[in-house]
Amino acid sequence: MVVTRLRLVSKSSRYATVKLPKSASLCSCRLFSTSSDTTHPGPESQSDQSPSLNPVTGDGDRQEKLRNLRVLLQQNRIETARGALTSLLRSGSAPFTSPKELFSAFAMSSPSLKNNFSYLLFSVLTESSMILEATDLFFALRSEGIIPSSDSLTLLFDHLGKAKQFKVTINVFLNLLESDYRPSKFMFAKAVYAAVKLSDLGKGLELFNRMKHDRISPTVFVYNVLIDGLCKSGRVKDAEKLFVEMLQRRLVPTLITYNTLIDGYCKSGCLEKTFKVRERMKADGVDPNLVTFNTLLKGMFNARMVEDAESVLKEMKDHGFVPDAFTFSILFDGYSSNEKAEAALGVYEAAVDSGVKMNAYTCSILLNALCKDGKIEKAEEILGREVGKGLVPNQIIYNTMVDGYCRKGDLVGAGMKIEAMETQGMKPNHLAYNCLVKRFCELGEMENAEQEVNKMKLKGVSPSVETYNILIGGYGRKSEFDKCFDILKEMENNGTMPNVVSYGNLINCLCKGSKLLEAEIVKRDMEDRGVSPNVRIYNMLIDGCCSKGKIEDAFRFSEEMLTKGIDLNLVTYNTLINGLAMTGKLAEAEDLFLEISRKGFVPDIFTYNSLISGYERVGNVQRCIALYEMMKGSGVKPNLKTYHLLISLCTKEGVELTEKIFGEMSLEPDLIVYNGVLHCYAKHGEMDKALKMQNQMVEKGIDLDKTSYNSLIMGQLKVGKLSEARSLFKEMKTRELDPEADTYNIMVKGHCEKKDYMGAYDWYREMHEKDLRLDACIGAELVTGLREEWRSKEAQIVSSEMNGDKLDDITEDKGLSATEKL
């Protein structure tokens, strides 16, 4: 006769039937030895209870617990065994060092029950959230060829995910894949999630493809995880492809899906696609949440689309959402970065009026915005108001205020703020002192910077690697490179190892100082010390080479990057394109321009400006205009530098093209743009338009400079209005804009073109008295004109003075200045 027992396969105690001898059911069990063991002995013989308990080894206790567990399993008393096993595992005085050891001991004592016990033990561990122990046991079981139940494995993966044990998750899952076991959809999802969290997007996509290969349909969760990972790594196009695939599988995107895509598009600058996703949300009936609006707000502000950001804010309020602390931090930072600190203050006042209480984080963002805008007094006022409401300033707030004082140049105020920290019982950290050190370095006051570092040390604050990096940058800008090397040596002596920024600061200063050989030597030294140059270091070296016209060396560094597995980024391409354009190698620059797109990058404003600058140098108007139209078509907004280049070049083509470019400006023109248009009008004799432009400049508060006056004078001379030109010259002097050689050359040339050679000669005399040199071509024209008018004496004077000859017969009259004759 036999009795049956059940093998545990799930948390709900579903069992599989196995057969055991009848005698097994006759045993009673007792898992733990207690003081009552002697008065209530079990039916086992005395010999079964040996060896006796040893207070040192506990061998008797171990054997008894193993025997009692075995009896419970044999009697099908699974829940009792579960409870006893749970108590044993949680007991601080258990005779087994680990569940793994317990399993090994039980397997040796009861081989026939090994598998059944393993399922029970693993189940108890996962249900008890003993994750590390369960994982350790999992690998021990796998080495025995045992695979725990699906329910227990599901629970393990769930616990591992919640505990952020992502590496363990991957290892467990890959181990399962090596067996014949078919992981569930849930397990795949947890493994993909773990891979993405470990920044191993390649592994996540590999597991995703394995799911599809094994005919396991990926869930919305898996798509969301991968889309998020791709967006965060800048692979928005790949994320978009997954979104399309998700729709093709008839999976319904969730709010998380849409928020993730919106965030990805915002960060990559694809604002048009951001709006399309938002419209699709509306069409699909997916209601936005506060995260949606906060993400849109941040994206709009980062793209400098302030009006669109304000529209998003209005829509958010229309949906009934109340701005949270993160919303206010976005608004404060967004308005500040768009040079609208007053708007940030308006948001603060509105928040205060509506009863919103600022926390330390949000307050620090507002204070930082005000400090960056130079409004340290207003920052102090707001901080005082918030402290009055119960806000306790933390170290971040104090550091922000110290930085604000330093930005404004009030180093005394910064020092007082550090003292206030100490009064409040806070110990200033290196960040506070670094603000002062940085400001002193920016002012070139290296002795004061060193004194501040010594003060740090005296107060028990060790200089950080950032502190030393600031000093290296300060000395580097002053070309005191020996000091830079001394600091690197001091860092090593103090056990503060220089990092890539330390060497980068030095290399950058050497490159800007045209010490390219020394910069390369420093790069080799950092490599010898185990610090690998990154893409920024190489970009510095490439830029240094390009600025000196050493294009071959620049490309040598770019090839070295690829050899070392460092990908060229957009900055690298832009620097190389700029270098090629500067040296007139425009065909090669165009080749790199095409390569940018092939590598998955999008040309930006720097790319286009570099090419336009190159073509502007050679006077290729058509290609400049074509690039200008191309950049607008690709969504890249021209900046002021773009217009400086185009308007300067278009002057040669005439007024119409210049006015077209000027009229298309979406930016507020600066002085250089106005001067370019003025010069165009003057050159082509359009003085009515030039004078109208002059009035427009005055109305906008833009003061005319020497270049402005030179253009106006040239224009008046061109149309024969010599007296108006003379009046402008006087106006220049009245405004303390002392005319220089270029202005006098314009006056001399203008009079020559109107055949007023004696008038030109008078201007030349004044010019000569001021020790200003006449242009050789204009001088030749003046000499020829004077001779044609039989003014041989004056012609001889001009010719001799321009050639540097001494004249003994120069009369006092010839020295009469043009101004005196006016």
Side-chain angles (χ1 to χ4, degrees), residues 368 371-372 395-396 398-400 402-407 409 411 414-415 418 427-516 518-544 557 566 569 571:
N368 187 49
C371 288
K372 283 182 177 179
Q395 200 161 51
I396 294 173
Y398 275 111
N399 287 347
T400 300
V402 171
D403 182 56
Y405 279 109
C406 288
R407 284 174 181 271
L411 300 178
I418 289 178
K427 182 179 180 181
N429 58 14
H430 67 277
L431 295 174
Y433 287 105
N434 282 356
C435 293
L436 283 162
V437 175
K438 181 181 179 182
R439 186 56 181 167
F440 280 126
C441 287
E442 289 171 348
L443 295 171
E445 300 176 11
M446 297 310 298
E447 287 187 11
N448 288 333
E450 291 279 10
Q451 286 177 9
E452 207 61 44
V453 174
N454 290 333
K455 191 186 297 183
M456 288 175 67
K457 296 175 182 176
L458 289 173
K459 294 198 175 184
V461 181
S462 300
S464 64
V465 65
E466 291 81 10
T467 313
Y468 287 116
N469 289 348
I470 293 167
L471 289 173
I472 290 171
Y475 281 118
R477 286 189 292 274
K478 292 174 70 71
S479 298
E480 296 183 29
F481 298 114
D482 288 342
K483 283 281 192 180
C484 295
F485 289 111
D486 289 342
I487 292 170
L488 287 173
K489 187 175 181 180
E490 180 184 335
M491 291 175 74
E492 292 181 348
N493 292 338
N494 290 343
T496 307
M497 296 307 296
N499 60 14
V500 69
V501 178
S502 314
Y503 290 105
N505 282 351
L506 179 53
I507 289 171
N508 188 43
C509 292
L510 287 168
C511 288
K512 290 187 181 300
S514 300
K515 295 183 179 293
L516 301 179
E518 291 86 343
E520 188 167 359
I521 291 171
V522 171
K523 182 190 80 75
R524 291 174 186 167
D525 181 65
M526 70 183 286
E527 290 173 321
D528 293 341
R529 295 173 184 272
V531 182
S532 300
N534 58 17
V535 65
R536 294 187 66 184
I537 298 287
Y538 278 105
N539 285 345
M540 293 172 190
L541 292 164
I542 290 169
D543 183 55
F557 282 121
I566 302 173
N569 62 13
V571 175

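In this chain, numbering begins with 1 at the start of the sequence shown.
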Closest non-hydrogen atom pair between Leu541 and Glu520, with its separation: CD2-N, 4.3 Å

Worked check of side-chain contact (heavy atoms from CB on, under 4.5 Å) between Tyr405 and Arg439: CA-CA 10 Å; Tyr405 279 109; Arg439 186 56 181 167; over 6 Å; no

Set of residues satisfying side chain to side chain contact (heavy atoms under 4.5 Å, CB included) with respect to Thr496, sequence neighbours excluded: Val465, Tyr468, Met491, Asn494

Verdict with reasoning, Ile472 to Tyr503, per side-chain contact (heavy atoms from CB on, under 4.5 Å): CA-CA 9 Å; Ile472 290 171; Tyr503 290 105; over 6 Å; no

Backbone N/O of Cys435 and side chain of Glu452: donor-acceptor pair under 3.5 Å: no

Lys427 versus Gly460, closest heavy-atom pair with distance: NZ-O, 3.3 Å

Interatomic distance, Thr400 atom OG1 to Gln395 atom CD [nearest 0.5 angstrom]: 10.5 Å

Steps toward side-chain contact (heavy atoms from CB on, under 4.5 Å) verdict (Met446, Cys441): CA-CA 6 Å; Met446 297 310 298; Cys441 287; 3.6 Å; yes

Flag if over 12 foreign heavy atoms under 6.0 Å of NZ, Lys489: no

Nearest-0.5 Å distance that lies between atom CG in Asp403 and atom NZ in Lys372: 8.5 Å

Closest approach of Val461 to Asn429 (non-hydrogen atoms, all atoms of both residues): CG1-C, 4.0 Å

Atom pair OG1 (Thr467) and CG (Leu436), whose distance is rounded to the nearest 0.5 Å: 11.5 Å

Atom pair NZ (Lys515) and OG (Ser479), whose distance is rounded to the nearest 0.5 Å: 7.0 Å

Where Pro463 and Lys457 come nearest, the two heavy atoms and their spacing: CG-CE, 3.7 Å

CA sep, side-chain torsions, deciding dist, call: Lys523, Tyr538, side-chain contact (heavy atoms from CB on, under 4.5 Å): CA-CA 9 Å; Lys523 182 190 80 75; Tyr538 278 105; 3.9 Å; yes

Any residue meeting salt bridge (charged side-chain N to carboxylate O under 4.0 Å, His left out) with Arg477, in chain and number order, not counting sequence neighbours: none

Short side-chain donor-acceptor distance under 3.5 Å, Asn399 and Asn434: no

Side chain to side chain, Val535 and Val571, heavy atoms closer than 4.5 Å: no

Test log, rule salt bridge (Lys or Arg N to Asp or Glu O under 4.0 Å), inputs Asp528 and Arg524: CA-CA 6 Å; Asp528 293 341; Arg524 291 174 186 167; over 6 Å; no

Reported CD-to-CD1 distance for the pair Glu518 and Ile507, which is rounded to 0.5 angstrom: 12.0 Å

Rounded distance [0.5 Å steps], OH in Tyr475 versus NZ in Lys483: 4.5 Å

Neighbour count >12 (heavy atoms, 6.0 Å) for atom CD1, Ile396: no

Pair Asp525 + Arg529: basic N to acidic O under 4.0 Å: yes

Closest contact, heavy atoms only, Glu492 versus Pro498: CG-CD, 3.9 Å

Where Ala449 and Leu471 come nearest, the two heavy atoms and their spacing: CB-CD2, 4.1 Å

